[in-house]
Every structure is written in structure tokens, then in C-alpha cells.
There are 2 protein chains.
Amino acid sequence: MALRIKDVAQAAGVSVTTVSRVLSNNGPVRDSVRERVQAAMQELGYRPNAAARRLRSGDTATIGLVVSDVRNPFFTEVSRAVEDMAYRQGMRVILCNTDENPEKEAMYLRLMEEERVTGMIYSPTRDAAERFRAEHYPFPVVMIDRADAASHADAVTLDNRAAAERLTLHLLERGHRCIFGLFGNASTTGRERHAGYCDAMQRHGLGADAVFVEPQPAGAQQAVGARLAARGGAPVPDAILASNGLLLLGAFRALREARQTPAPGLHGAPGHPPAAPALCGFDNDAWTELVEPGITVIAQPVYEIGRCAMTLLSERIAQPDIPRRTRVLPGELIVRGSSTGIVA
Amino acid sequence: MALRIKDVAQAAGVSVTTVSRVLSNNGPVRDSVRERVQAAMQELGYRPNAAARRLRSGDTATIGLVVSDVRNPFFTEVSRAVEDMAYRQGMRVILCNTDENPEKEAMYLRLMEEERVTGMIYSPTRDAAERFRAEHYPFPVVMIDRADAASHADAVTLDNRAAAERLTLHLLERGHRCIFGLFGNASTTGRERHAGYCDAMQRHGLGADAVFVEPQPAGAQQAVGARLAARGGAPVPDAILASNGLLLLGAFRALREARQTPAPGLHGAPGHPPAAPALCGFDNDAWTELVEPGITVIAQPVYEIGRCAMTLLSERIAQPDIPRRTRVLPGELIVRGSSTGIVA
DNA sequence: TTGAAAGCGCTAACAA
DNA sequence: TTGTTAGCGCTTTCAA
């Protein structure tokens, strides 16, 4: 095995206690002794055993981060934020991808307990969110992206309802009337955004025309394709709104597939052919700026969400008994050509 | 504190050893006893303490994954592959982002030692790669993306030289002659791809016209912008080749900025205005397929690279003394409109 | 300011 | 098939 604290103690001619004090920089040690110990550690190439420290001290200095999939740019960025903050505080991060799969999720929650994580940042699937009770867990939990008062967990979310309303109103202001909405069915987020969309439509005396789908591009693509191809009574939408980055991607593909550039526009004026529907959605993912015309989106302050979650978590770790807190961050509307017809 | 194995033992009326045997599913236990123990665990909600198990067993069941930045889609996907494989084998993953910063990198390598990781998957910066010696570390190391024989570490890489040559030949076949190359200066990968590019140019009796830049979009954008604006002798490039996804993005932005759609084409035929340069590069990142025309790229088998790295690592953990192995995976040329003028 | 010794929760000899 | 017991490497009383 590797070197132990005892080896360092012998080399430096002190007790293990003293070495431990130098290691954790805690407790009185004469400067000359400290230097001697540090020199011994350096020379021997000693590395303290993290598992032993955790076991003995009871402090794992570990944050659990449970999300659906890091490949979703939203979570990629959140995980970077969380990791930056955590490592800066001398904490590790255990990252788990549930793939919206309840069994995986249950397994990882169990893992969090076995690891005795100091705290967890958690983005539950819809079903799990409804059942989750923070008080059943022996560590603090901060929810991100999705929140639920009954969970009794701190949370940081977007102001989903307001952002969706804002986005819908933007389309209505541009003259669109028949706005087809795509919402994710796996989280509370999708429902909140749906509510905001409905609010805006209602305020203009318009009915909702929306579906809930799996939060994957394929399902969204199919739904949009079907909606565009629908015969019979339903009028063709003149705008499409997708409630997250994955759905937006699917919608974009469907429009392209239909050989309709997602260019903006109203129904054709007399003498002009009808234009393709406008497109907008949530999440300022890289591609939305790169395609032409760019896609109008609600940008989430993604890094900030991760940072904020870590801050809430740290504060609760320090003071476990403060009342539940929720941070609601605003989304930012970024208007691009896909909803205005103005190609930058 | 939480429940201990002793509590389970008491509840089930057996010794701690028996509980341990049930836990690790290892050692003889009568079926009826096993069931009784499992029932007790279930009822009490017992969770074994991971730190204690690791300390005692000496097996941390932990993989270290050290990359530059998970936000780079290449590493996002690699990390998913590694995590999928690892968790399936009951191992955890510790993910570290070095940001190509030598100090962070050194800190994380130290962390790997303190965690007593079972093995490490490592994408070193160029400078670190030259100095790294696997035999100085007490655990097996598999390098990804970047490799160096002197490191004595197993490695899985792309066939960089062949892929770059292939991509360059593709441009040459389409009639391009003045091909400006952008290569990353932070890794051996950039140099290998540069060599492949030079091979292809030389074979056609052409000189290289390339620069090495920081592997960030901003630097690439600037370099391409400068090259396009160059006055004096240097002819305007009729094609641009970028050696990774970040550089490709920068080049794309530069072309757009120059109000030149990255549309393909040769120098203008008589009577036609000169077309914008062709664009191609490495990494089949999502946006390259979404922009129009799509970008011609070398697709790396990214998930497979991660999977393969975990396989090599597992095998070396099982047999530490087998000779060093290198897996070289082929890249796949995906031809899109940016190099052919055929807009799908 | 230092050291001796107990013990964190678990696993693995060894004994029965 | 089961139990007793000695540590894994560290931190933390407690006493000096």
C-alpha cells in the first residue's frame, strides 16, 4: 500500500497527531515543526487517504449532482458551474445521469446515501418530483430546473411561466395567431411553461394548440411533422413554440424536413405564397445562434443557475434549519430572425 | 450518525460478519439467513458507508476522468460513455476539468492520488503530456485524444494523421488549392493533424499555409479573419480546414462575419464573382449538421472512444503487467455542402 | 504545543 | 455456515 501518516511522522520525528494537524491545518503546531513535516511529506510524496479522512471525520466533502443527461447543454453548463464552485471549496462532485429513468434515479439516490454526500443538487423527473421529500434524506437537497413546494427542498428555477408568456406574447405581437406549442411531459417545468403560453393566448382570446411529448428531439420532430401535415379542419400553424432545447431542435428538424426553412412570416399576403411558420423556444443552445435565420429563444442563465444552487446548498449546509428558500431567476428573450423575418 | 452494520446485525439476530457477507454478496450464507438480513436492511433503511468499505477493502471502485472541459462536445460525450460503463460495473467517476491550465491539472492529479482511484482516463495538455509518466502513478492510466509513447500509458486516439490527410485530399479533389489550416496548439493531436494536412498538400506539390492557435473559438475566429483580410502577396484561401470542433466554430464565425456565407466554390469562373471559401474540419458537433450548407467534417467515434478507454482500463486493472496498448480508431468523413456546393 | 490512544464502519483472517 | 477479532488510515478527545 501507499505511504501512511505514520511514515511521515517517523520521517519528521513527530507524532501522527502532529502530522494530522499539519494536514488539516487545524490545531496548534510550532512553525518550525510544521515546516519539517511539510518537507517530509514533500520528500516522501505522501498523499493522505481520502477515504480514511472521510470515515474518521464524518465529513465527506462531496456534492451529489443528479440530472437527466449531461449531454443536454443545459445540464452540461450547470455541471460545470457546480464543479467549479465545489472544487474551489475543496469538495468533490459525483455526477449521475438518470436518463429520466425512474430505476436509475432510485439507484443514484441510494448511491448518494451510501456516499454520505454533504448535499445534493437534484433535477428530478416529474414522477419522482411528486414523491420526493427532502426530509427523508439525511443531507440537504437543492432542486434545479424543477421545483415542488411539497418536497420541502430549496430550489432554483427559471420564472418559467413568465418566460413562456413573454415568448408567446412576442409571437402574438408579431401578428402570429395560430401558435402550436410543444411542451415536455417529464417535468413540472413543461407544465409551468404551458401555463404561461396559455395565459398569453387567452389574453388575446385565442385557444391553446399544444401537445406534451417526451423531452427528446425525435418525439418533437414527429409531433411537429404530424401537426404540419394535418388535413381537415385544423389550420396550419403560423408559429411553433418549443419549451426546451431538445424539443426546439426536433421542431427545427421537422420544419426543415418539410422543406420549409424556419423563416418567419405571416400568412401570405395577396399575391404572395404563405411563408413558413415562425419558430422559437427555450434554451439558447449554441446552434440556435448559428443557423440562419437565428432562432428566437428564451436564454436561461444556466451557469448562474448552477452557481446559485451551490450557494443555496452551502448556506443550508452551514445552517440546516433556516426556512425553505426558492430562487427564481428571470429568462432573457433573445429575438432573432426566426420570429421577425429580419435576417441578421 | 446513520445506521451501522451492527444495527442490522442486531435486528436480524446475526453477527456483523454475516451482514457484511450479504452486503458484498461474497462468502457463504444460508438462504434463510440472507433473506432475514435483507429484510432487516430494508426495514431499517440501512445504507452501507461507502468510505468505510473503501478504506477497509482497499478497493475504491473509482475512476478518475480528467479532461480539459466537459462543455467541449467531444468530452461531454466521452464522459457519458465513461460514466455509463463505470456505473454499470459498480464504479464511480470523478470528473475534473483542467481548462488546459497546468496548475489545475496538477491539483487534480494529486486529487486522483488522494482518492486512490482504481484507474484514470486522462486527456493531458500538451506540456503535461510530454512530462507525464504513467509509472510514477500508483494506478493505471489510459490516455484519450492525446497519446505519447514515452508516457508508457495505454491510449485510445483517432487516426489523426490519416483523417486529416483524408479531409485535405477531399478538398484537393474538389479543386481547392489554397487551403488555410487551423490547428490546436495545446495537444499532440493538433500536431498530428497538421502532419496529415501537410502530407496531402505535399503530395499535390502544394505548400502548407497553416497556423497553430489556442483551442478556443475566439482565437480561430481572429486568425481566419486576419488571414482573409491579408493584403499583399498572399492569395485569398479558397478553403479553410479546422482541426477540431472549437476551431471550426471560430472559423465559421469568421466567415460569417466577413459576410461570406461558408458556401463552397472555387475561384470565380469568368463572369462570376469569386465564391466564399469552402469550410471543413474535425468533430461532428450538432451545429455542423444544422447550419446551411452543412459543414463537411471528420466525425470521431466519440462515445466509442470513451467506451474503448474504459475497456482498456478495466483490462489493465485486471492485468496490470500486460504490455502497453494503443487503440487507434478511424475517423469518418461526412461530406456536406460546405465543401461541395451541393446544398442538401 | 505535543503525544497516546480510542475508534469512525467496515472487511477479512481465523476459529469454531 | 457462522462468529470473533484485528485492523484499514485517519481525526479527535484527553492528558501531559
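To find a chain, count down the sequence lines: A is the first, B the second, and so on, and within it residues start at 1. Keep in mind the model is a prediction, meaning the values are calculated, not measured. Only this structure's heavy atoms are used, side chains among them; waters, hydrogens and symmetry mates stay out.
Formation of a donor-acceptor pair under 3.5 Å by the D154(B) side chain with backbone atoms of R325(B) is found in this model. In this structure, the side chain of R116(A) does not engage the main chain of G58(A) through any donor-acceptor pair within 3.5 Å.
For the pair R54(B) and E115(A), the salt-bridge criterion is met [side-chain N within less than 4.0 Å of a carboxylate O].
Rounded to whole angstrom, the span from the CG atom of L55(A) across to the C1' atom of dC8(D) amounts to 9 Å. Counting to the nearest Å, the P atom of dT11(C) and the CZ atom of R54(B) are 12 Å from each other. Going from atom CG of N49(A) over to atom P of dC10(D) covers 6 Å, rounded to whole Å. Protein atom CG of D59(A) is 12 Å distant from nucleotide atom C1' of dT11(D), rounded to whole Å. What separates CZ of R116(B) from C1' of dC10(D) is a distance of 11 Å, to the nearest Å. With rounding to whole Å, E114(A) atom CD is found 10 Å from dC10(C) atom P. Atom pair L3(B):CG and dC8(C):P shows a separation of 15 Å (rounding to whole Å applied). Straight-line distance from the CZ atom of R36(B) to the C1' atom of dT2(D): 11 Å, rounded to whole Å.
Taking five base pairs at each end of the helix from dT1(C)-dA16(D) to dA16(C)-dT1(D), the local helix axes there meet at an angle of 30°, rounded to 10°.
Side-chain to base pairing of R53(A) with dG9(D): no donor and acceptor N or O lie closer than 3.5 Å to each other.
Considering only side-chain N and O atoms, Y46(A) lies under 4.0 angstrom from the phosphate OP1 or OP2 of dC10(D).
The one candidate from K104(B), E105(B), E100(B) that meets the side-chain hydrogen bond (donor to acceptor under 3.5 Å, both in side chains) condition with T125(B) is E105(B).
Within a 6.0 Å radius of CD in Q42(A), other residues, nucleotides and ligands contribute 12 heavy atoms or fewer. Counting non-hydrogen atoms of neighbouring residues, nucleotides and ligands closer than 6.0 angstrom, the CD atom of E214(B) reaches no more than 12 such neighbours.
Note that CZ of R47(A) is 4.0 Å distant from CZ of R110(B), once rounded to the nearest 0.5 Å. Between the CZ atom of R146(B) and the OG atom of S187(B) there is a distance of 4.5 Å, given to the nearest 0.5 Å.
Between the side chains of T118(B) and T60(B), a donor-acceptor pair is found at a separation under 3.5 Å.
Comparing atom distances between the S57(A) side chain and each of dC8(C), dT2(D), dT11(D) picks out dT11(D) as nearest. The side chain of R30(A) approaches dT2(C) more closely than any other nucleotide in the set dT2(C), dG9(C), dC10(D). The listed nucleotides are dT12(D), dT2(D), dA6(D); the one nearest the side chain of V29(B) is dT2(D).
The stretch residues 4-24 of chain A touches DNA chain C through V14(A), S15(A), T17(A), T18(A), R21(A), each having a heavy atom within less than 4.0 Å of the strand.
Two residues, A51(B) and N26(B), neighbour DNA chain C, and the one matched to the more 5' nucleotide by heavy-atom proximity is A51(B).
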